[in-house]
Amino acid sequence: DNLMARIKREEAKLLAYTVLFNKQGQLITERISTDIKKLKKFLSKEEFNLLQSVLRSATTELDAVHNKIEADLNARIT
């Protein structure tokens with residue numbers, strides 16, 4: 001949609017975790033993270049450091065969720 005491309009976004013998705021299920025019956029997990037270095041020039045040092053810290057913590061937590069899901073699925077298969 002061309003209109004959406006012209007609207008200036010006020011936010012950006014920096015980290016996402018998705019659980020997908022496809023037609024073949026496969027469960028797929030997907031984590032998307034964004035390199036925030038390009039945002040540094042728009043933020044104060046404190047804001048950038050906070051953002052880095054939050055993303056580091058969230059990434060660790062999402063890795064734990066991913067590992068738990070994977071372990072649960074592997075336990076059901078064996």
side-chain contact (heavy atoms from CB on, under 4.5 Å) assessment of L39 paired with L14: CA-CA 11 Å; L39 297 176; L14 301 178; 3.9 Å; yes
E61 and V65: CA distance, side-chain angles, deciding distance, side-chain contact (heavy atoms from CB on, under 4.5 Å) verdict: CA-CA 6 Å; E61 293 297 323; V65 168; 5.7 Å; no
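- Of the possible donor and acceptor atoms, none in the side chain of T29 sits under 3.5 Å from a partner among the backbone N and O of Y17.
- Remark: D72 does not engage R76 in a salt bridge, criterion side-chain N to carboxylate O under 4.0 Å.
- In this structure, the separation between CG on D63 and CD on E70 is 11.0 Å, given to the nearest 0.5 Å.
- L15 and L20 are not part of a single hydrophobic cluster, where members link through side-chain heavy atoms under 4.5 Å apart.
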Donor-acceptor pairs are to be reported for all side-chain atoms of residues 43-56 against protein atoms at under 3.5 Å, with residues two or more places apart or in another chain.
| residue | atom | partner | partner atom | Å |
| --- | --- | --- | --- | --- |
| S44 | OG | E47 | N | 3.1 |
| S44 | OG | E47 | OE1 | 3.4 |
| E47 | OE1 | S44 | N | 2.9 |
| N49 | ND2 | K45 | O | 3.3 |

